[in-house]
Amino acid sequence: MRIDRFLSDMGAGTRTEIKKAIKAGRVSAGGVTVTDPGMHVAGGEVVFCGRTYLYEPFVYYMLNKPAGVVTATEDRRQRTVLDLIEEPKRKDIFPVGRLDKDTEGLLLITNDGDLAHNLLSPKKHADKVYFVRLSGLVTGEDVTAFAAGLYVDETLTALPAELVILSTDAEKNTSECEITIREGKFHQVKRMFAAVGKEVLYLKRLRMGPLTLDPALPVGAWRRLTAEEIRALTEQ
Ligand code: URA
């Protein structure tokens with residue numbers, strides 16, 4: 001990538017400011033002063049007016065999404081999941097798949113389009129595991145219906161899904177379950193439970209393909225993926 005493009009993608013300044021800084025000898029890459037705004041960077045540190053930016057072709061973040069933020073790259077009125085990543089960041093990152101505003105949990109954010117495509121491709125059927133708290137008592141019949149592939153409405157017959165009942169509380173009329181689905185249709189989990197007469201009160205994604213939500217990551221916090229997590233995702 002061109003160094004001027006990289007710096008503008010990182011929000012270091014406008015293209016004009018960056019060109020000016022390069023002319024003034026205030027930009028270096030790998031310790032060498034840059035003279036050409038069109039120079040390509042392949043990796044390493046770029047220093048712009050005293051501030052260091054790390055050039056990596058691909059970046060990967062794990063976010064423990066809180067409720068109340070939207071899964072979008074930008075929104076005029078509401079806070080987005082990208083607003084939660086506070087380090088200087090590239091402009092080309094995006095969330096992989098969508099969680100509803102009131103859903104919490106695992107969200108992968110990256111600029112690796114091929115990886116995102118692979119994870120979301122219906123052909124690959126990457127498992128998504130959710131913890132669900134519901135109003136209503138989940139039954140063995142629900143487990144069987146989910147496993148068979150549930151008819152939800154004329155727009156959705158879900159692929160077979162695994163439903164594990166963790167607990168039910170007859171007094172409060174609530175249940176807790178873990179559900180594994182292999183697709184990601186709009187409001188899928190909520191619609192599946194609604195189809196068997198239950199209402200989702202709380203939803204949290206725990207896993208997506210080989211990537212598991214780090215239990216040490218507080219709600220609203222993020223971290224970079226480890227090399228091992230990236231390898232597991234790219235090898236799948
Ligand atoms: N299914 C839903 O209904 N909502 C989500 O956010 C994710 C899966």
Side-chain angles (χ1 to χ4, degrees), residues 61-75 77-85 93-110 115-139 142-143 145-166 174-215 217-222 233:
Y61 300 96
M62 174 190 295
L63 172 71
N64 187 352
K65 180 191 173 296
V69 296
V70 292
T71 308
T73 50
E74 52 186 12
D75 193 285
R77 278 180 279 269
Q78 309 186 73
R79 280 217 310 162
T80 73
V81 289
L82 295 194
D83 293 333
L84 298 175
I85 296 179
I93 57 173
F94 58 89
V96 179
R98 193 176 171 283
L99 292 178
D100 296 338
K101 189 173 173 185
D102 59 355
T103 301
E104 290 187 354
L106 176 66
L107 193 66
L108 171 65
I109 294 172
T110 183
L115 183 135
H117 177 77
N118 271 343
L119 262 179
L120 298 176
S121 158
K123 279 191 206 128
K124 302 262 171 157
H125 290 187
D127 285 356
K128 288 136 201 123
V129 182
Y130 294 85
F131 169 80
V132 199
R133 193 170 302 124
L134 301 140
S135 156
L137 299 180
V138 177
T139 63
D142 297 333
V143 174
F146 278 37
L150 187 72
Y151 174 85
V152 175
D153 58 37
E154 59 281 3
T155 65
L156 175 62
T157 299
L159 289 175
E162 191 188 343
L163 182 58
V164 177
I165 304 172
L166 302 174
T174 56
S175 312
E176 292 188 342
C177 299
E178 224 172 74
I179 179 172
T180 305
I181 57 173
R182 286 169 190 89
E183 54 199 332
K185 301 277 164 55
F186 187 60
H187 294 330
Q188 173 147 356
V189 174
K190 291 174 186 165
R191 287 163 70 199
M192 288 176 74
F193 281 106
V196 294
K198 277 97 194 168
E199 186 196 353
V200 171
L201 303 175
Y202 172 79
L203 186 59
K204 176 177 189 167
R205 183 155 64 196
L206 304 174
R207 189 162 70 74
M208 190 173 180
L211 189 63
T212 300
L213 179 65
D214 183 342
L217 202 60
V219 177
W222 58 271
L233 281 169

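Throughout, residue positions are numbered sequentially from 1 according to the sequence presented. Just follow the structure's listing: the first ligand is 1, and inside any ligand the first atom is 1.
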| Can you tell me the protein heavy atom closest to atom 4 (N) of ligand 1 and the distance? | D100 OD2, 2.7 Å
| Under 3.5 Å between some N or O of ligand 1 and some N or O of R191? | no
| message | Tell me the contacting part of V200 for ligand 1: side chain, backbone, both, or neither, using a 4.0 Å heavy-atom threshold, strictly below. | response | neither
| Just which atoms of ligand 1 are under 4.0 Å from any heavy atom in Y130? | 7 (C), 8 (C)
| message | Can a side-chain donor-acceptor contact be found between R191 and T155 if the only test is distance below 3.5 angstrom? | response | yes
| task | Kindly compute the distance separating CD1 (I93) from OG1 (T73), expressed to the nearest 0.5 Å. | result | 9.5 Å
| So F193 and F146, would you call those rings parallel, tilted or perpendicular, with 30° and 60° as cut-offs? | tilted
| Within-4.5 Å side-chain heavy-atom neighbours: Q188 and I181 | yes
| Between E176 and R133, is there a side-chain N and carboxylate O pair less than 4.0 Å apart? | yes
| query | Can you tell me the protein heavy atom closest to atom 1 (N) of ligand 1 and the distance? | reply | V189 N, 3.1 Å
| field | For T103, atoms of ligand 1 separated by under 4.0 Å from a heavy atom | value | 4 (N), 5 (C), 6 (O)
| With no hydrogens and no angle check, is any side-chain donor or acceptor of K190 less than 3.5 Å from a backbone partner on A194? | no
| request: Output yes when the distance from some N or O of ligand 1 to some N or O of K190 is under 3.5 Å, and no in every other case. | output: yes
